[in-house]
Every structure is written in C-alpha cells, then in structure tokens.
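Input: a single structure, listed below in structure tokens.
Just so you know, these numbers come straight off a predicted model, no measurement behind them.
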Amino acid sequence: MGGHALLILLSVASLALLPGATPLQPSQAWSLFKLRQLLGDPPVLGTWHNYTDFCYGGDYKTASAFVECYEDSVTQLHIMGDPGAGARPLPATFSIDAFFTTLSRLPDLKVLTLTNLGLWGPLPGKISRLQKLEIVNVSSNYLYGELPRGLSQLGSLQTLVADHNMLGGKLPGWLKDMPLLAVLSLRNNMLQGTLPESLKDMLSLRSLVLASNNLSGNLPDLKNLQVIDMANNALGPKFPRLGRKVASVVLAGNKFSDGLPADMLASCYLLERLDVSGNRFVGPFPAALLSLPSMEYLSIAGNRFTGRLSGNASCGENLRFVDLSSNLLTGSLPGCLLAAPGKSVLFSANCLSTAGDDSQSQHPSPFCRNQALAVGIVPEQGHKKSGAKAGVVAGIVLVGALVVSAAVVFVVRKASAPKARPARRLVENASSAYPSNLLADARYISQTVKLGALGIPAYRSFSLVELEAATDNFQVSSLMGQDAHGQMYRGRLSNGTPVTIRSLKVNKSQSFTRHIEMISKLRHRHLVSALGHCFQYNLDDSTVTHLYLVFEYVHNGNLRGRISQGTEGRRLSWGQRISTAIGVAKGIQFLHGGIIPGLFANNLKITNILMDQNQVPKIGSYNIPILSETMKSEGGAGSKYPPDRICRVPNGDKIDMYDFGVILLEVISGRPISSIYEVEMMKEQLQSALTARGPSKRSNLVDPAVSKGCSDDSMRTVMEVCLGCLAKEPTQRPSVEDVLWNLQFAAQVQDGSRRSSEESPLSPSQPHAQSAHDSPTHR
C-alpha cells in the first residue's frame with residue numbers, strides 16, 4: 001500500500017512541472033483508485049494507471065469513464081459499464097457504505113454517473129456529505145430499499161436519475177424540501193402506493209418519470225411539470241391537472257377512465273407528446289388534439305373513445321405519429337393524416353370508413369354503437385343541461401333498442417361538431433414565472449430537447465490539417481470578417497459540409513476543459529450549432545496558442561432581410577413571422593435552460609438571426625464565456641461581468657426578453673429599428689393601439705406587406721407579448737415559456753382564421769402603405 005501511494009505522489013509531483021497544469025490533490029487521486037478497487041477493477045477502468053493525469057491528461061479518457069476537474073479538485077465523475085453486457089451484482093464482499101464513504105472524499109463533486117456497474121444495497125444516507133452534488137445518475141444497478149432522507153440535505157441537487165433498480169416503498173413527501181430538484185426519474189423500480197400531494201409544492205420540478213412501478217391512486221396536481229411519464233402503473237381513475245407549458249405526457253398502461261379534459265388539453269400549445277394508450281378512457285375523442293401546433297406523437301390506442309371523425313379535420317404541421325387503434329371511432333380518417341408523407345398513422349379496429357383501404361381492418365358501424373351503449377358512454381356536451389340529456393338518453397333505453405340507437409347516433413354526431421376556439425389567454429403574472437435556471441439538466445433527460453439537434457453532424461475534435469484544407473490554408477478569400485474576439489472564416493470540409501470557423505488567440509494560462517464541455521452542448525435546431533473544435537499548439541512548450549471553433553454555416557441571409565429589407569416576394573407572411581418568432585424563442589429557451597450552466601444576456605439582434613434554406617431561424621451569436629476571457633487576455637474590456645459569472649448575470653434572462661421584444665417590434669412593423677428612441681416611440685404606439693376599440697389602429701402598425709392577412713386576435717396577442725417583453729422593469733417581463741405559449745396561441749388563431757377563410761378585419765380600402773410611411777416614427 002505504501003508503494004502504491006508513493007507512485008501516486010510521484011506522478012502528481014511530475015504534473016506540477018507542466019506549464020499551465022494544476023495537479024489533482026493527492027488525496028483525491030487516491031480516492032479514485034480506491035473506488036476502482038471497490039468496484040473490483042472493472043474493464044471500463046482499464047485505462048486508469050498510477051501515472052494517470054485525471055484532470056489534464058486526455059489519454060486515459062473513454063466515452064464510458066472519465067473525470068472532469070476544476071483547478072485541483074474533481075467536479076465530475078462518470079463510470080458507465082457496458083449496457084449490453086447486463087452487469088451482474090458485485091460480490092458479497094462489496095460494501096456500498098464503504099463505496100460512498102470513499103466518494104465523500106471528493107467534496108467538490110457536482111456530477112456523478114455510476115451506471116451498469118452491479119452496485120447493490122440500499123442507497124446510503126451519507127450521500128448527504130456530497131453537498132455540492134447537482135446531477136446524480138445511478139441507473140441500471142441493484143439498489144434497493146427506500147430513498148434515503150439524506151438526499152433532502154443536498155440543497156444544490158437538480159437531477160436525480162435512478163432508473164432500472166429495485167428501489168421500493170412510497171415516494172417520500174420530503175422531496176418537497178429539495179428546492180432546486182428539476183428532474184426526478186425512477187423508471188422501472190418497485191415503488192408502491194399513492195403519490196404525495198406535496199408534489200404540487202415542488203415549484204422547481206419540471207420532469208417526473210415514474211414509469212413501470214407499482215403506483216396507484218389519483219395523481220396530484222402536476223401543473224408545474226413539463227415532462228410526465230407515469231406509464232405502466234395502476235394510476236387513476238382521474239386524469240391529472242396539467243399546466244399549459246407541459247411538453248410530454250405519457251400515461252399509457254394505467255387505470256384512467258372517464259373522458260379526456262378537452263378544454264384543458266386544447267390550451268397546451270407546447271404539448272409535443274401525448275400517450276394515453278391502454279387505459280379505460282371513454283367519451284368523445286377531442287379531435288382538436290390533432291391540430292395542436294407542437295404535437296408530434298399522439299396515441300390513444302386501446303381505449304373506448306367514441307366520436308365521428310371528419311375527413312376535413314386539420315392537423316398540426318409537426319405531427320409525425322398517430323395511433324387511434326382499438327377504439328370506437330366512426331366517420332372518415334382526416335385527409336391530413338393520409339396525404340402527408342413521413343407520417344405513421346395506425347387506426348385499425350375502429351368503425352372508420354377506409355375508402356377501399358383494407359390494410360387496417362375495421363369493425364362494422366353497428367359494432368361501435370353497440371359497444372358504446374354497452375359501457376354506458378354518453379358524450380359530454382360541456383353545458384349544464386348535459387346531465388338532463390344524459391337522463392333523457394337513459395330513459396330512451398327503456399323504450400326500445402331502435403330509438404336508443406338513433407339517440408346515440410345523434411349525440412355522437414353532435415359531440416363531433418366543431419368547437420369554438422378557446423378564450424384568449426395572455427401573458428400574466430410574469431414576475432412569478434418559472435425561473436429558467438431551474439430547468440437546468442431537464443431538457444437532456446426529456447424529449448423536448450432530444451429533438452433539437454436533428455440533422456446536425458456529431459460534435460468532434462478537428463485536426464488543424466482538416467481546417468487548413470477546408471479554408472485553403474486560411475486564405476484571405478475565405479475570411480468572412482473579424483471582430484474583437486478573432487477572425488471568422490468560411491470553409492468546406494472534405495465531405496462537402498460548409499462550415500464557419502472562428503479563430504481565437506488564447507492565453508496560455510487558460511483552462512479549456514469546462515469551455516469545450518459547454519460549447520459541445522450548443523446544438524439545437526434554432527441555434528447556429530457547434531460542430532467541433534481544434535487546438536493549435538506551440539511546438540516548443542506544447543501550450544495552446546489558438547483555439548478554433550467550428551460551427552454550421554447558414555447562408556440564406558438574416559431575418560431582417562426577410563422582414564424590413566426584404567424584396568417583394570421574399571418577405572415572410574404574418575403566419576411565417578409568428579413561426580419564426582416561435583423558433584427564436586425556442587432557441588432562447590435552450591440557451592437559458594437546456595445547458596448547464598445556462599447562457600444569458602446574449603445581445604440578441606435581428607441581424608444575428610440567420611435563416612437556413614428551409615426558412616428555419618437560427619440564433620447566430622450567443623454569450624460564450626470563453627469569448628470574454630479571450631478579450632480580457634488581449635487587453636480588451638470583455639464583458640462587464642467576469643467569465644465565471646456570465647451564466648449568472650443579474651436578470652440575464654430578462655435582458656434577453658427585452659432584446660426579443662425589439663426583434664418582435666421589427667417583425668410586427670416591418671421597419672428597421674436602430675435606436676432606443678425608435679423603440680420607445682413604437683412602444684407608445686403599441687400601447688395606444690392595444691387600448692383602441694377597433695382593429696384599424698392596430699392594423700396601421702403592422703407591416704403593410706402582410707397586414708391584409710392578419711387575424712386581429714393573432715395580431716393583438718403578438719403585440720401584447722412584444723409590449724410585455726419591453727417592460728421597463730426586468731421583473732415585469734414575461735418568462736420565455738410564457739412568450740412561447742402566447743406565440744403558439746397566436747399561431748393557432750391565425751391558422752384557424754386562414755382555414756375558415758374569414759376575411760381580415762382590415763378594410764380592403766384602407767391606405768395601409770400611406771399610413772405606414774406617414775407615421776412620425778418611420779425613418
């Protein structure tokens with residue numbers, strides 16, 4: 001043992017001779033080797049040797065086992081066994097108590113991953129000694145017993161994932177004492193009983209995954225949650241209350257009954273996934289679910305939903321998968337489900353008219369009527385007199401089967417009639433909106449962000465030779481521009497992918513590990529995403545002299561070119577402008593809450609919103625801390641905040657919302673805005689237009705190129721969002737989630753107006769162009 005410790009000390013001492021490297025504390029290096037020993041020297045740690053530089057040596061790192069440090073202390077530990085091998089429990093000599101005692105000797109540990117390692121035993125309460133823990137993942141082991149109360153002492157814990165274990169007992173009520181917990185995932189364990197009502201008091205919780213346990217009873221209020229997965233339990237019968245910002249709801253394989261709350265679900269404009277298959281639902285199927293603007297996956301299979309579908313029903317543009325199988329639906333499948341390529345639609349075992357398509361067999365129409373009658377389904381009408389109607393139908397049953405059949409057909413047809421649009425919901429209670437920083441790691445666990453980076457090449461490390469070849473050895477002809485941070489080049493990789501390459505001259509003393517980790521996460525549909533990086537070294541002392549950051553190349557102009565400076569035929573329509581604003585807001589949402597830590601105060605400008613070939617908006621610049629560090633190393637002013645605080649700028653999220661409001665002003669008016677004076681003048685006009693009785697004053701503010709196609713309700717909603725974002729007091733500005741919800745509402749109203757062929761509230765004879773150019777603020 002003494003010789004082993006001596007080798008560690010010698011290897012650490014040799015690291016002190018390396019320029020710019022801070023050696024890991026010897027006690028922590030010893031603890032890492034002790035953990036390897038307690039795990040039985042697993043193959044996944046085969047690259048750990050006595051001379052390993054855990055903090056600054058990359059040779060030992062693999063995708064399954066690595067350590068991250070800050071200065072001389074371990075902050076992240078990741079050990080992931082082979083998921084395909086199915087790790088067996090560690091030997092009987094293994095002590096989980098001793099294992100966590102050793103872990104506690106890494107006091108600065110923030111992120112801990114221990115998966116597929118065969119850990120067994122109850123999770124020890126001494127995990128509370130790791131006071132700085134923010135993310136814990138101990139999935140796919142053999143942990144049993146109840147969750148230890150010591151977890152409640154981890155005041156910084158944001159994410160706890162312990163899927164595929166044998167944890168039992170009830171979900172504890174003391175979870176409410178964890179102020180920052182945003183993600184809780186305990187899939188496939190042995191939890192039982194009802195869920196505590198205190199869940200509704202967990203204001204930071206955004207993602208709750210408890211699928212495949214033995215839970216029962218009604219769910220508590222889940223209005224704070226954005227991701228809910230309770231599949232394969234015995235929950236029910238009452239459908240839970242959801243918040244309007246929910247993104248994914250999976251309740252498949254439970255005991256929910258009665259009907260779906262159509263009015264509540266119709267207001268969930270951010271809902272992307274709804275799976276209620278394999279339950280006992282009855283009543284009319286809310287066809288409006290098909291047209292929710294964000295809906296991508298919808299499954300109601302294996303229930304007793306009734307209703308007559310219309311071939312003319314509309315679908316949301318993002319809808320990709322629909323399963324209506326094994327219900328009691330009649331009528332015709334909506335044409336929007338059949339015509340569009342790329343959609344997967346299942347509808348067998350209903351009573352639908354398939355127009356000669358026998359690929360998914362259907363029951364005869366009387367079957368569905370009789371089945372609905374057998375289980376006592378009376379479609380809910382949503383009025384006070386519905387109870388009386390139900391009584392009338394029940395009385396008719398006593399008269400005779402023929403009359404009953406006619407009554408059921410009448411009620412079903414009436415239930416499938418188009419419903420009025422929901423009442424307008426505007427930005428309210430902005431000061432009590434969800435703090436974006438609490439979303440933290442949630443979007444890495446949930447589906448809401450896994451969809452973000454579709455089509456973007458994997459992040460990787462580039463060689464300098466590759467970048468030189470891509471830019472013809474950094475020729476002047478490849479130079480796109482230059483700013484205080486360095487040069488920007490346009491290039492093309494060997495596989496033909498166009499890229500943008502930013503060259504940064506760096507300080508020798510800079511640490512790059514945490515920066516590269518953050519940059520590698522900047523990948524989203526609505527960001528100009530990071531593709532990789534490259535270090536250039538000094539041949540004499542092996543220090544880094546240049547850092548090259550590689551981003552995707554977006555070459556279809558910026559948003560201003562499609563709004564205020566767009567030529568005829570290239571300007572976006574009103575509906576396209578709302579969709580573009582939604583995309584920008586989703587990009588902001590990701591910057592604030594989709595990475596750890598979030599990026600705020602991003603100096604958003606309409607000229608930095610780039611448009612790709614599919615008219616998808618992408619935020620082209622954001623507040624990466626390393627840029628400020630580089631400016632300071634070159635003698636520049638840099639950010640007004642130190643680099644380690646850029647992610648914690650006071651009211652940084654509200655600063656971004658103000659900048660977004662300025663972008664919205666230009667989107668609405670179609671006029672370039674270049675000064676704070678113009679912003680203030682237009683704010684006054686917006687306030688005046690919103691209080692006006694008729695739509696004419698509002699229409700005068702809208703770009704004449706699109707004003708004739710605007711729904712007044714949609715226009716008013718966007719204007720109110722804009723005005724809220726421009727509030728003088730940062731705390732009065734809405735959260736990005738509030739903005740997204742209201743913009744989705746505006747898009748829904750605009751789409752409904754277009755589809756119903758309603759005329760615009762603007763008079764055709766109104767001199768829009770003249771009023772726009774005569775405006776005192778037009779420049």
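His78 and Phe66 have parallel rings, their planes meeting at less than 30° on a 0 to 90° scale where 60° marks the start of perpendicular. Between Phe256 and Phe281, the ring planes are parallel. Angles under 30° get that label, and only those over 60° would be called perpendicular. Phe321 and Tyr297 have parallel rings, their planes meeting at less than 30° on a 0 to 90° scale where 60° marks the start of perpendicular.
Distance check, rounded to the nearest 0.5 Å: CG of Asp41 to CG of Leu39 gives 8.5 Å. Atom CG of residue Leu90 and atom CG of residue Leu38 lie 9.5 Å apart, to the nearest 0.5 angstrom. One distance of note links NZ of Lys586 with CG of Leu740; it measures 7.0 Å at 0.5 Å rounding.
Arg460 CZ: more than 12 foreign heavy atoms inside a 6.0 Å radius.
Judged purely by distance below 3.5 Å, without hydrogens or angles, the side chains of Asp163 and Ser185 pair a donor atom with an acceptor atom. Side chain to side chain, Ser156 and Gln131 fail the donor-acceptor criterion of an N or O pair below 3.5 Å. One side chain, Thr101 or Lys126, offers a donor N or O that lies under 3.5 Å from an acceptor on the other. A donor atom on one side chain and an acceptor atom on the other are not found under 3.5 Å apart for Ser95 and Asp97. No hydrogens or angles considered: a donor-acceptor pair under 3.5 Å links the side chains of Asp108 and Ser73.
At least one cation-pi condition fails for Arg36 and Trp48: the charged atom is not both under 6.0 angstrom from the six-membered ring centre and inside a 45 degree cone around its axis.
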Q.
As a quick check of understanding, evaluate ring-ring contact (aromatic ring centres under 6.0 Å, His included) for Phe600 and His592, giving each step before the final call.
A. CA-CA 6 Å; Phe600 304 95; His592 289 184; 4.7 Å; yes
Q: Evaluate the side chain to side chain contact (heavy atoms under 4.5 Å, CB included) criterion for residues Gln226 and Ser248: first the C-alpha distance (whole Å), next the side-chain angles of each, then the deciding distance (0.1 Å), finally the verdict.
A: CA-CA 6 Å; Gln226 295 179 344; Ser248 177; over 6 Å; no
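Leu599 has its side chain within reach of Met518: a pair of non-hydrogen atoms, C-beta onward, lies under 4.5 Å apart. Side-chain contact between Leu112 and Asn137: absent, with no pair of heavy atoms (C-beta onward) separated by less than 4.5 Å. In this structure, Asp177 and Arg149 have side chains that are in contact, with non-hydrogen atoms separated by less than 4.5 Å. Taking the side chain as every heavy atom from C-beta outward, Leu208 and Val227 never approach each other to under 4.5 Å. Within the 4.5 Å cutoff, no side-chain heavy atoms of Ser461 are placed close to those of Phe535.
Exactly one of Val249, Val250, Leu219 qualifies for a side-chain contact (heavy atoms from CB on, under 4.5 Å) with Met230. That residue is Leu219. Of the candidates Leu160, Val161, Val111, Thr113, Val136 forms a side-chain contact (heavy atoms from CB on, under 4.5 Å) with just one, namely Leu160.
Residues passing the side chain to side chain donor-acceptor pair (under 3.5 Å) test with Tyr622, sequence neighbours excluded: none.
When atom types are taken as modelled, the side chain of Asn165 and the backbone of Asn141 share a donor-acceptor pair closer than 3.5 angstrom. Between the side chain of Asp201 and the backbone N or O of Lys176, no donor-acceptor pair lies under 3.5 Å. Without hydrogens or angle criteria, Ser204 side chain to Leu181 main chain gives a donor-acceptor distance under 3.5 Å.
Taking each heavy atom of Leu24 and Val74 in turn, the nearest pair found is CD1-CG2, 3.7 Å.
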